[in-house]
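Here the structure comes first, spelled out in structure tokens, and everything after it is commentary.
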Amino acid sequence: MATALDPRTLAMAADDADFRIERHGVWKRFRRHRLATVGAVVIGLVSLVAIFAPLLHLQDPNAIDQVHWQGYPLAPGIAGHLLGTDENGRDLLARLVFGAQISLQVAIFAVLMELTIGTVLGAIAGYYGGWVDYALMRLTDVFLSIPLLPLLLVLTAIVAATSTRASLSFGVIVVIIGILTWPAVARLVRASFLSLREKEFCEAARAIGGRDGRIIFRHLLPNAVAPIIVQGTLEIANVIILESTLSFLGFGIQPPTASWGNMLANAESNMTIAPWVAIFPGLCILVTVLAVNYLGDGLRDALDPKLK
Amino acid sequence: MVRRSLEAIPLLVLISIIIFTILHNAPGGPLAPYLQNPHITQADIQRLSHNLGLDQPVWKQYLGWLSKVATGDFGYSTSNSEYVTTAILERMPATLFLMGTAFTIAIFLGILFGIIAAVKPYTLLDYVITTFAFFGQSMPVFWFALMMQLAFAVNGITAFGYHVALPSAGISSEDTFNIGDRIQHVILPALVLSLLFLATFSRFTRSSMLEVIRTDYMRTAAAKGLDRVRIIVRHGLKNALIPVVTIVALSLPGLVAGAIVTETIFAWPGMGRLFINALGQFDFSLLMGYLMMVSFLVVFFNLLADVAYAWLDPRVKYD
């Protein structure tokens, strides 16, 4: 019987029971949110197209149609360009698909970085409290008080000007976005850790001499994961918008590499004669971001019914 | 509350240190604009950087900047050939006009939509408003701007027998001040800038109002036989708006970011465009001044949100 009363077994049993109850209704609650399901399907399709872009027999996204292009965008359907070409005679459909690759990759890697930094620092702040917490929270205050877009623009502009390479690499944008956006995640994780560390199972884990690292990552983190997933999903939507805004203003992904944002950069000057150049890339951003936001909303309802 | 206000000072100092350090890594530093000028020799650059104290260690330069700022001097803007404070103050009215119009639209319509959706939850009307809010929050501002220009400015639009064509750039088409002309120019950029906030405020108002409607005091008011509109406005709205006030104050950083994009697309002569121009030339003093000003506004409005919250909701107490 000694094993049954072992605090570790008790703690694990408690965690397990919680987890099972949690998991039970998740899928059902998610399915009830029909638009979230639609969102998940749309994201799935966009991702599949982006991943398998090289297999789709598209035209070269950076190649100029030397035969037909005469200095202005070709209309949709002309000369085998399903969605027409941009102002440089490059196939719009191919650029949209390869642009999806870039935009999604930036979003996914930047959010992974943001979640990792935010979770680790938030967990440390919430678990240890005291001056560590105070120092980390003041740091988040600083980051959250400087408006994100101007700061991002300044950083990318500086890196672009100092780097020896001609174009801003995609990794730089990921790292800059990741470094600047973690504080919101850190605050979220800290808040759950503040309440979790007072729970009995945490005390039990400490009583049997569990190391801090193990308690944080094995016992507390799994119980704080729901809001992190929800926040992470919504952040993907934010980062897609951020990256496209940066690229639109000329401080993000640099041409000739296509991104949904920089495809719109020159669209304004041709809008009277070629509205399709301006319409399609933005439509892609809107549909993808909308799908991610609906997915996030559905996940919030499913994973954490207490949240609004 | 006094303690919280005092905490804002070290916060702002910390922010200024970080921004100063970042900007200091810009190629060419504060002298970047001169480096492109072929008439300026290497010796001139060295003389300039010595005269301006740029050969000193970074921390010394920072302290120099700080002591000047304490007297209200943010330095000289090389890209505009005028003082930073003058450059910013010149553009401020245009930006405030744009932001103010956009914010007024967003607050008024956002709260109205939120109330309507909450009073008739899960009806077609609620569904339309909620979907609209989702679209608004997912819309890339710059693309929405392009689409509005395409619809209303490029060719104009004909509806109900009226032909509407709105200006797509600038703040005025005449040199003399004309209120009607100004209003025509502000409509498109203000609508574009307001969309995200309209969506956010309506979602917040809806969920806050839904919570309030379920409370006991609302049922009591209904049981007393009060008029439904009166209950919603007098008893419901007053309480439901408390969290909305906070979100309005916290929306400021987003408004600043949105203004940068909107002003760039609509050629609006405001601070956002000033910032983008300064960025292209690494105008150190101006970038520093602009970033400090917007950071100050954010800190100030966060504080204001706290004060307003404690004042509106007596249950909240700060030490």
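A quick note: this is a predicted structure, and the numbers were derived from the prediction, not measured. Quick note on labels: first sequence line is chain A, next is B, and so on, each numbered from 1.
Taking CG of Leu35(A) as the reference point, atom OG1 of Thr131(B) lies at 7.0 Å (rounded to 0.5 Å). Put simply, CG on Leu291(B) and CG on Leu153(A) are 9.5 Å apart, with the number rounded to the nearest 0.5 Å. Here CG of Leu144(A) is found 11.5 Å from OG of Ser295(B). Values are rounded to the nearest 0.5 Å. The distance from atom CG of Asp141(A) to atom CD1 of Ile15(B), rounded to the nearest 0.5 Å, is 8.5 Å.
When heavy atoms are compared at a cutoff of 4.5 Å, Tyr290(B) approaches chain A solely by way of its side chain, counted from C-beta outward. Proximity to chain A (any heavy atom under 4.5 Å) is shown, for Arg206(B), by neither the backbone nor the side chain. With a 4.5 Å cut-off on non-hydrogen atoms, Leu297(B) does not touch chain A at all. Only the side chain of Ile260(B) comes within contact range of chain A, with heavy atoms under 4.5 Å apart. Proximity to chain A is limited to the side chain of Met147(B), based on heavy atoms less than 4.5 angstrom apart. For Phe275(B), the part lying near chain A is the side chain, with the backbone staying farther off; criterion is any non-hydrogen pair under 4.5 Å. Both the backbone and the side chain of Leu146(B) come within contact range of chain A, judged by heavy atoms closer than 4.5 Å. If you measure heavy-atom distances from Leu283(A) to chain B, the contacts under 4.5 Å come from both the backbone and the side chain.
Interface check for chain A: of the options Leu14(B), Ile22(B), Val299(B), Asn302(B), the most heavy-atom pairs under 4.5 Å are formed by Ile22(B). With respect to chain A, the highest number of heavy-atom pairs below 4.5 Å among Ile265(B), Val141(B), Ile19(B) belongs to Ile265(B). Comparing Asn238(A), Val289(A), Leu151(A), Thr288(A) by how many heavy-atom pairs each has under 4.5 Å with chain B, the most go to Val289(A). Between chain A and the options Leu150(B), Val256(B), Val294(B), the largest number of non-hydrogen pairs under 4.5 Å is found for Leu150(B). Most heavy-atom pairs under 4.5 Å with chain B: of the set Ile240(A), Leu286(A), Leu155(A), this distinction falls to Leu286(A). Contacts with chain B were tallied for Leu264(A), Val287(A), Val292(A); Leu264(A) has the most, counting heavy-atom pairs under 4.5 Å.
Across all non-hydrogen atoms, the minimal contact from Val298(B) to Ser145(A) is CB-O, 3.5 Å. Minimum interatomic distance between Gln137(B) and Asn293(A) (heavy atoms only, all atoms of both residues): O-ND2, 4.0 Å. Here the shortest heavy-atom pairing between Leu11(B) and Arg138(A) reads CD1-O, 4.4 Å. Contact record, Gly282(A) with Pro140(B): O-CG, 4.5 Å, taken as the closest heavy-atom pair.
In this structure, the side chain of Trp143(B) engages the main chain of Ala278(A) through a donor-acceptor pair within 3.5 Å.
Within a 6.0 Å sphere centred on CZ of Phe143(A), heavy atoms belonging to other residues, nucleotides or ligands number more than 12.
Close approach to chain B, defined as a heavy atom under 4.5 Å from one of its heavy atoms, is seen in Ile241(A), Ser244(A), Thr245(A), Phe248(A), Leu249(A) of residues 241-250 of chain A, taken by number.
With a 4.5 Å cut-off on side-chain heavy atoms, Phe251(A) and Leu279(B) count as touching. Within the 4.5 Å cutoff, side-chain heavy atoms of Val261(B) are placed close to those of Leu149(A).
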